[in-house]
Structure formats: C-alpha cells, structure tokens
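Reading through the structure tokens given below for one structure.
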Amino acid sequence: MQTLTDSVAVVTGGSSGIGLATARALACEGARVALVGRSAERLEAAQDAVRVEARGAHLAALALDVRMEADMGTMAERVLERWGRIDVFVAAAGSAGSTAATRGLPHAVADLSPREWDEVIDTNLKGVFHGLKAVLPAMMERGGGEVVCVSSARGALVGLPYNGAYSASKHGLRGLCACLAEEVASHGIRVQSVLPDVTDTPMMQATRSMAPDGLLDPRQVAATILRLILAPDDALLIDPLLAPFPPSGSGPRAATIG
Ligand SMILES: NC(=O)c1ccc[n+]([C@@H]2O[C@H](COP(=O)([O-])OP(=O)(O)OC[C@H]3O[C@@H](n4cnc5c(N)ncnc54)[C@H](OP(=O)(O)O)[C@@H]3O)[C@@H](O)[C@H]2O)c1
C-alpha cells in the first residue's frame, strides 16, 4: 500500500498490548480502524487511548470472540456495512493460557488440560483462520489487501518449554500464513507476519515467571507492522523476527512467552 489515508483496517486484539499499539499507529496514519476484542469495557478504553494521539480518528469497537466463526462473520459484516471495504487485517488477538488457574505459572505439557489446549489453539490459530475466512472475500472482490499475522519469535521458531499449546499454535500460524501468502497473491492480497520477541504487554506480565533482560515495547512491534503494510508492493517479508536492539545480556527466558 502507498498510504493508509481513508483505508479501512481491522485489528483483532485491538484493545490491549500489541493490537492496541497497532490500532493507534494505523489511526495516526489516517486509517479507519475497527478494534476487535471480547470485553466491551476494554474496547471503550482502547478507543479513548487511540484518540489521545489520533484526534478525530474513525474507530469502531466490535466486542466479538475470534474463536467463534459466526462472530468473525459479524465482524466483517459490520465493518463492510459501516465503511464498505476492508483493506487491512491485523490478527493480534492471542492467549497464553488460563494463567489465573496457575497463578501466572505456565504449564508443562504433561500438566496441560485439554481445555487450556483448546483455549490457546482456538484463539491463536483457529481464531486467525476464522478472521481470515471472514475478511478475504471482501479483499478478493476489491482485488487487494494487506494481512499481517502477529506470530512469535520463540513460540514459532523454537518452542517455549512450559508453553506447549502456545508454541504449537504459533508454529501452526506460521504454516497457515505461508500457505495463504501463496494462495491469495494472485488476488493482490499480501500476507505477512511478524515474530516479536518478548514484548511488554499485559499478556507478558500475566504469564512471565522470569523476567527477560530486554523487552520490546508494543509500539516497536506496531511500527514494524506499519512498515510491513506500507512496504513496496512488490516485496514480501516472511517471518521477520523482531528483537530489542541493542541485544541485552542473556537472561533466563525459558518460561516467558514471546
Ligand atoms: N507479549 C509478548 O511477549 C508477545 C510476544 C510475541 C508475540 N505475541 C503475540 O502478540 C499478540 C498480542 O499479544 P499481547 O501481548 O499484546 O497480549 P494482550 O495485551 O494480552 O492482548 C491480547 C488481546 O487479544 C484479545 N483477545 C484475547 N482472546 C480473544 C478472543 N477469544 N477473541 C477476541 N479477542 C481476544 C484481548 O482482548 P479480550 O481479552 O477483551 O478479548 C486483547 O485485546 C498475541 O498473538 C501474542 O501471542 C506477544
């Protein structure tokens, strides 16, 4: 894309962390942005936060669950009713598991309940699938679009001990993005992903048991997503790993997400 002015973007997970920072960055560039999350209260607060920097921004708050196919259909319907198009889809909604049940400590695979497995896979992998299925027809009809999936450096490339479901979901997401990128390229739809290292968000704060030495700021991830969307039309960034710079000393990271 050359410019985001008057474009229409959907950001799942737009009420917190990386998704919120991305919604703010897109709105500051002139995009109309639909923020998707389950909590209406968090979405309300997120809209206020975006408007602090993007005054007069055109925003929509959609309290919907990415795990539900019907909800993602509703998401696309409402955005199209309101703005008539979908140019950008950023899949940032994510779950690291039921941390409340473990007082913030991640689970070993041997202790992982099928329920927690389902929650993480359904959110991080199936939820992206539902979202893509919902927005792709509108992009195909218009003959173009930008998709960015928020993956994970450690989750997608290596595997995080004690975060088996999370790692499985992000490995799966990497495969999904790779396939889709080829499938929809002929429709002018570019599918890219970003693989952030550990980022200072509510998810990280809720799940970490050992603090890493260096953290990304969600704004750094958002700025990278913006660059992916605005990258030259004839270029594709596959699996860019985003890490803090300069690198900090090696600290214990095994049990953190990222
Ligand atoms: N933080 C890190 O270190 C890190 C590193 C690499 C990758 N990531 C990835 O970055 C993405 C964003 O994570 P974050 O750290 O920014 O987390 P976060 O601050 O906890 O935000 C998660 C967002 O996802 C939404 N969400 C969760 N489940 C949902 C569902 N079922 N339906 C709709 N929305 C849902 C949340 O809103 P509601 O709860 O209101 O639904 C919230 O807006 C995730 O995919 C995560 O895996 C994070």
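We count ligands from 1, going down the list as the structure has it; atoms in each ligand are counted the same way.
- Geometrically, ligand 1 and Thr201 share a nitrogen or oxygen pair separated by less than 3.5 Å.
- Using a distance-only test at 3.5 Å, with no hydrogens or angles considered, a donor-acceptor pair links the side chain of Lys170 to the main chain of Val150.
- Contacts of Ala92 with ligand 1, taken as heavy-atom pairs under 4.0 Å, involve the backbone alone.
- Using a non-hydrogen distance threshold of 4.0 Å, Ser95 does not register as a contact of ligand 1.
- Under 4.0 Å from ligand 1, not a single heavy atom of Ala96 appears.
- Atoms of ligand 1 found under 4.0 Å from any heavy atom of Ser39 (numbered from 1 in listed order, with element): 40 (O).
- Which parts of ligand 1 touch Asp65 is read off a 4.0 Å heavy-atom cut-off, strictly below it: atoms 30 (C), 31 (N), 32 (N).
- Ionic pairing of Arg219 and Glu53 is present here: one or more N-O contacts between side-chain nitrogen and carboxylate oxygen are shorter than 4.0 angstrom.
- When atom types are taken as modelled, the side chain of Asn124 and the backbone of Ser95 share a donor-acceptor pair closer than 3.5 angstrom.
- Distances below 4.0 Å separate heavy atoms of Ser151 from the following atoms of ligand 1: 6 (C), 7 (C), 8 (N), 9 (C).
- With a 4.0 Å heavy-atom cut-off, ligand 1 is reached by the backbone of Leu64 but not by any atom from C-beta on.
- By heavy-atom distance, the residue among Asp122, Leu20, Val150 lying nearest atom 9 (C) of ligand 1 is Val150.
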- Message: Show, in sequence, the C-alpha distance, side-chain angles and deciding distance for Ser7 and Asp87, and conclude whether the side chain to side chain donor-acceptor pair (under 3.5 Å) test is met.
- Response: CA-CA 6 Å; Ser7 65; Asp87 303 290; 4.7 Å; no

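- For Ser151 (side chain) and Leu195 (main-chain N/O), no donor-acceptor pair under 3.5 Å exists by modelled atom type.
- Residue Val66 places at least one N or O, backbone or side chain, under 3.5 Å from an N or O of ligand 1.
- At under 3.5 Å, not a single nitrogen or oxygen of Val36, backbone or side chain, sits near a nitrogen or oxygen of ligand 1.
- Judged purely by atom type and a 3.5 angstrom limit, Arg24 has no side-chain atom pairing as donor or acceptor with the backbone of Val52.
- Closest heavy-atom approach to atom 4 (C) of ligand 1 within the set Leu43, Val128, Thr199: this belongs to Thr199.
- The N/O atoms of Ser152, backbone and side chain alike, include none that comes under 3.5 Å of an N/O atom in ligand 1.
- Proximity of a side-chain donor or acceptor of His171 to a complementary backbone N or O of Gly155 within less than 3.5 Å is detected.
- If you take OG1 on Thr12 and NE2 on His130, they are separated by 12.5 Å, rounding to the nearest 0.5 Å.
- Heavy atoms of Arg42 found under 4.0 angstrom from ligand 1 belong exclusively to the side chain.
- Ligand-side atoms of ligand 1 in range of Asp197: 5 (C), range being under 4.0 angstrom from any heavy atom.
- Heavy-atom contacts of Pro202 reach the following atoms of ligand 1: 19 (O) (cutoff under 4.0 Å).
- Ligand-side atoms of ligand 1 in range of Gly17: 16 (O), 19 (O), range being under 4.0 angstrom from any heavy atom.
- In this structure, the side chain of Arg190 engages the main chain of Ala235 through a donor-acceptor pair within 3.5 Å.
- By the 4.0 Å heavy-atom criterion, Arg154 is excluded from the residues contacting ligand 1.
- Checking Thr199 against Thr201 by side-chain atom types alone, no donor-acceptor pair falls below 3.5 Å.
- Listed by atom number, the atoms of ligand 1 under 4.0 Å from Thr123 heavy atoms are 28 (N).
- No donor-acceptor pair closer than 3.5 Å links the side chain of Glu116 to the backbone N or O of Gly97.
- The distance criterion of under 3.5 Å between nitrogen or oxygen atoms is not met by Val198 with respect to ligand 1.
- Counting only distance, with no hydrogens or angles, the side chain of Asp233 and the backbone of Met1 share a donor-acceptor pair below 3.5 Å.
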